[in-house]
Amino acid sequence: MLATMNDIQEGYGFEIVRRQDFSDVTYLLEVRHPLMAKAARPGQFVIVMSHENGERIPLTIADFDRAAGTVTLVVQAVGKTTREMQQTCQAGAHLHALVGPMGIPTHIGDARKVVCVGGGLGVAPIYPQARAFKEDGAYVIGILGFRNKDLVFWEDKFRACCDEVILCTDDGSAGMKGFVSDGIKQAIAAHSDIDEVIAIGPPVMMKACAETTRPHGIKTMVSLNPIMVDGTGMCGGCRVKLGDQVKFACVDGPDFDGHLVDFDDMTRRLRRYKEEETAAMTRWSETCRMESPQTTL
Amino acid sequence: MAKKRTVRTIPQQRTPVREQDPRERATNFAEVNCGYSEAEALLESQRCLFCADPVCIAGCPVGINIPDFIERIGAKDFRGAYDAIGRTNLLPAVCGRVCPQETQCEGECTVGDSLEPVAIGRLERFVGDRAIAEGWANLPHIEPAGRRVGIVGSGPAGMACAADMAKAGCDVTVFEAFHEPGGVLRYGIPDFRLPNEVIDAEIANLRRLGVKFQCNTLVGRLFTIAQMIDEMGFDAVFIGTGAGYPAMLGIPGDSLNGVLSANELLTRCNLMRARDFPAYDTPIPLGRHVAVVGAGNTAMDAMRVSLRLGAQNVTCVYRRSKAECPARAEETHHAEQEGVVFKWLTAPLEILGDDKGNVRGMRCITMMLGEPDKSGRARPVPVAGSEHEIDCDQVVFAIGTNANPVIGQTSRLRLDKRGYIETDADLATSMAGVFAGGDIVTGAATVIEAMGAGRKAARNMKAYLGIREPGCDLAAATIFGIQASERNFARILSA
Ligand SMILES: Cc1cc2nc3c(=O)[nH]c(=O)nc-3n(C[C@H](O)[C@H](O)[C@H](O)COP(=O)(O)OP(=O)(O)OC[C@H]3O[C@@H](n4cnc5c(N)ncnc54)[C@H](O)[C@@H]3O)c2cc1C
Ligand SMILES: Cc1cc2nc3c(=O)[nH]c(=O)nc-3n(C[C@H](O)[C@H](O)[C@H](O)COP(=O)(O)OP(=O)(O)OC[C@H]3O[C@@H](n4cnc5c(N)ncnc54)[C@H](O)[C@@H]3O)c2cc1C
Ligand code: SF4
Ligand code: FES
């Protein structure tokens, strides 16, 4: 079957055309897929397999360039797959599989004043939404949170499409000292007429954002990232709880009302392969060390 | 001429098939049923009476001429047998393995009135396997019809429609969301029942007919059905996206870690090869004491996969009795042999967790059978005071599926109230040129029914496209009000 799988890849060609490193754990991949660049909307994601024996991992479409026919992914190296990709996914390399755009696009509704919040890696996927709201004529406040100034990326891109940008770092080494939820408080204090808050980042951060806006009754959308397999609604691995309802993040989301999401349930379910993930990581690090003398030769 | 066979003169015993030893096979993924040898197939073929009224054919959803192919086996004309099956069934090696023969052809077989019925499924599989080994394929002379057909989904429905349209001279492309084609045959049914090589061989045959496969393509999101017709130049489209979307248990504790759908377990194990973790990157939850809720084919596969992944014990929890169990008889039998414990007439009430959020058990209640319900099966009713606990660290649910929402979300196709695609008797949808069939129309059914639907849609698609069915006299009928003499058959034009 190998040859046939190659045909399929050639059909669309998942070539990495550009790679940029934001820090030693965060990197950007720009991949050629003209059809997807045309179809992609803010809030959608892809599923990637970097090689034949690899895992299917979901990544948000952080940007798309219809003219160049590319989609951009920003990846944080957290485990075996994303670290291995950090090594192998150089410009010119090919991804084994790339499918998408998946999920229901973000509803760019009639909100006139919106706050787009990105925490850490969530800064990348919130970008197309901020840009779309701006293009739609909304007043956009971008709130970007990083641990420290070395991890900051895309501040310029946000300055170009937001009316205001609030940069937060945990240690105060850039922008204001504090979490994105502090940034939201500041924005709410300055603007009494915020229609919607959109937050993307780690579950704890999205939960904090939802709790910050809840007393003010401001609509708050979050983009959920549970563990996925197919991304087509077939396995139910990505199910999340909203009140007493069960939803599949890949086809019913990934955007949901943050005031309804059961974040504790999701956080617990994200840990369900902890043991296997650690084992894969350890094993991979060891083989890397064993193989590295050869690769440097 | 040989004397006419009667029930008394034929071999009385059904020819047994070699199987891997239950204890051994429960630890590996090699095929359980080894299939008939040539001698065994010849012997079993002697049991067919060549009935004047072959009731077995009526029992086959696609009407295979069963006595014809069995007679050819008996004459050692295996190629002829293959061609006889191939006239109606595209996938003999698959169907011989996974069809519920006991409720179809073998359930009707005359011999079955007094003895065990002819082993039609095993004979069909023998022919299918021989064809793969010999590299046979029914490759007719194909005249280009100058038409482009798009197929959405590469399961049995899509494969069957693709084959027929390719044979009619159309330029056919199959779009599949996964990175490998085959649908449930690939991701759901495990290797020990249906080896990957069999699916690969069938896909290769489609390619030889000129069918193109585009994997990694989520239709609806990458492009819509309307775009396929309006912008991408497809003259007709067939949708065979399957049922997908597993139904949830809806009981307390169903989101605990260790609770997963059979689809997730099977996809990780079969398609993603998690059983070979860490050589393959995808992990799989390994339960030591696994409870599987449901007793259909999907549930049986989940149980037997769990055993092979190293579970110490596997319990099947099903709210009806063994008589109502919807799985193929062979699968239930194999699961029993391999050591699955069946708790019939038992329904789950709650999944119990430990302080870390992992499954530690399941609270169940005993049922008894009451009056028949709408489906005609006895309705299970709880027995008061019969609550009890089962110890388990993993719960797999296989209690049915709902319609996959993606095509519905992204098109104006008319859906029924459960979300399945609505079609007329010709499998035409509410959009001109768009046909649908298989599980996405009927709800979860069988491989052969999906294949039959794909072929039926192809017949009507050909009529829609004005392509003449070889050997079929269309002159009698008007199509869309156009007389035969006025018809502009594309294939006549291009010839
Ligand atoms: C809709 C969606 C969009 C996402 N977008 C991005 C993105 O733009 N950039 C990015 O870096 N990451 C994104 N993620 C998360 C990313 O998929 C995981 O970081 C990745 O799968 C980790 O794989 P690993 O083998 O490197 O790490 P592992 O060692 O497998 O896991 C590390 C962590 O990632 C989580 N994780 C593992 N597998 C998955 C999975 N299949 N799906 C989701 N989470 C998983 C685990 O809970 C664990 O906490 C997104 C996830 C979802 C569901
Ligand atoms: C575990 C299991 C065991 C089974 N065992 C048996 C058995 O023993 N005997 C039997 O007769 N039947 C069995 N069945 C049922 C049988 O497999 C199905 O009825 C049959 O496969 C349905 O065929 P289909 O072509 O309609 O859909 P599927 O086989 O489900 O194929 C649909 C395909 O479409 C793809 N797809 C979905 N959405 C999109 C989209 N938007 N764009 C592109 N592609 C898409 C899917 O990825 C999938 O590959 C079993 C089912 C399961 C799950
Ligand atoms: S009903 Fe049985 S015996 Fe009669 S033709 Fe069919 S397979 Fe042969
Ligand atoms: S990832 Fe499988 S259903 Fe969502």
Side-chain angles (χ1 to χ4, degrees), chain A residues 1 4-5 7-9 11-12 14 33 35-36 38-40 44 47 49-57 80-81 84 96-105 229-237 239-241 246 248 251-252 262 265-266 268-269 271-273 275-277 279-280 283-284, chain B residues 176-181 187 196 200 203-204 207 212-218 221-224 241-248 250 254-258 260-261 263-268 271-274 276-286 356-358 397 401-402 404-406 409:
Chain A
M1 283 306 281
T4 56
M5 295 314 299
D7 298 347
I8 289 159
Q9 279 177 49
Y12 289 142
F14 311 126
H33 196 320
L35 216 45
M36 197 188 294
K38 256 195 216 150
Q44 291 188 300
I47 285 194
M49 263 175 99
S50 65
H51 58 82
E52 216 189 332
N53 298 359
E55 192 178 3
R56 291 170 68 91
I57 66 159
K80 148 104 201 306
T81 303
E84 187 181 50
H96 178 69
L98 172 67
V99 54
M102 293 171 146
I104 300 175
V229 183
D230 55 307
T232 63
M234 193 273 297
C235 76
R239 64 191 188 273
V240 289
K241 273 193 183 163
V246 175
F248 289 6
V251 288
D252 301 323
D262 185 339
D265 183 75
M266 184 174 100
R268 177 171 46 71
R269 285 179 45 78
R271 283 198 301 263
R272 65 188 188 276
Y273 292 113
E275 236 171 79
E276 290 87 352
E277 285 160 5
R283 186 173 170 275
W284 180 74
Chain B
E176 166 58 46
F178 268 126
H179 52 284
E180 286 187 40
Y187 74 71
N196 267 327
D200 291 346
I203 301 272
R207 288 183 201 277
K212 286 170 278 194
F213 285 86
Q214 286 285 17
C215 290
N216 297 305
T217 308
L218 183 64
R221 295 281 171 211
L222 188 59
F223 45 79
T224 62
T241 49
Y245 215 94
M248 289 292 133
D254 65 1
S255 75
L256 287 165
N257 289 350
L260 73 166
S261 75
N263 274 7
E264 180 174 354
L265 181 82
L266 294 169
T267 305
R268 285 178 182 273
L271 178 73
M272 303 311 297
R273 294 282 300 274
D276 296 326
F277 180 86
Y280 285 70
D281 290 346
T282 304
I284 198 160
L286 296 177
K356 293 204 194 78
N358 297 322
F397 54 95
T401 49
N402 297 314
N404 189 300
V406 175
Q409 285 168 349

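Letters A, B, ... mirror the listed sequences (proteins, then strands); counts begin at 1.
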For residues [X] and [Y], determine if any side-chain heavy atom of one lies less than 4.5 Å from a side-chain heavy atom of the other.
{"X": "A:Glu52", "Y": "B:Arg273", "answer": "no"}
{"X": "B:Phe178", "Y": "A:Ile47", "answer": "no"}
{"X": "A:Glu55", "Y": "B:Met272", "answer": "no"}
{"X": "A:Arg272", "Y": "B:Pro285", "answer": "no"}
{"X": "B:Thr267", "Y": "A:Met234", "answer": "yes"}
{"X": "A:Phe248", "Y": "B:Met248", "answer": "yes"}

Relative to chain A, which of [options] shows the most heavy atom pairs under 4.5 Å?
{"options": "B:Gln409, B:Lys356, B:Arg268", "answer": "B:Arg268"}
{"options": "B:Leu271, B:Thr224, B:Thr401, B:Leu256", "answer": "B:Leu256"}
{"options": "B:Thr241, B:Asn196, B:Ile284, B:Asn358", "answer": "B:Ile284"}

Can you name the closest pair of heavy atoms from [X] and [Y] and give their distance?
{"X": "A:Gly236", "Y": "B:Pro246", "value": "N-CG, 4.0 Å"}
{"X": "A:Ala39", "Y": "B:Leu222", "value": "CB-O, 3.3 Å"}
{"X": "B:Ser261", "Y": "A:Cys235", "value": "OG-O, 2.5 Å"}
{"X": "A:Gly54", "Y": "B:Asp281", "value": "CA-OD2, 3.6 Å"}
{"X": "A:Ala97", "Y": "B:His179", "value": "CB-CB, 4.0 Å"}
{"X": "A:Arg268", "Y": "B:Asn257", "value": "O-ND2, 3.0 Å"}

Point to revise | Portion of A:Lys38 that has a non-hydrogen atom of chain B nearer than 4.5 angstrom | key: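 Contact with chain B is absent: no heavy atom of A:Lys38 under 4.5 Å.
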Point to revise | Toward chain B, the part of A:Arg239 with a non-hydrogen atom under 4.5 Å | key: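 Just the side chain, heavy atoms under 4.5 Å.
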Review point. Hey, does the side chain of B:Arg221 reach the backbone of A:Val99 with a donor-acceptor pair shorter than 3.5 angstrom?
Key: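 Looks like no, no N/O pair under 3.5 Å.
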Check your understanding: Would you call B:Glu180 and A:Arg56 a salt bridge, using N to O less than 4.0 angstrom?
Key ->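 Looking at B:Glu180 and A:Arg56, the cut-off is not met.
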Point to revise | With B:Leu218, the side chain to side chain contact (heavy atoms under 4.5 Å, CB included) member among A:Val251, A:Asp230, A:Thr232 | key: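 It is A:Thr232, the one option of A:Val251, A:Asp230, A:Thr232 that forms the side chain to side chain contact (heavy atoms under 4.5 Å, CB included) with B:Leu218.
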Review point. Using non-hydrogen atoms only, which part of B:Lys212 is less than 4.5 Å away from chain A: side chain, backbone, both, or neither?
Key: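 B:Lys212 has no heavy atom closer than 4.5 Å to chain A.
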Practice item. Give the intermediate values and the outcome of side chain to side chain contact (heavy atoms under 4.5 Å, CB included) for residues A:Val229 and B:Tyr187. Key: CA-CA 12 Å; A:Val229 183; B:Tyr187 74 71; over 6 Å; no
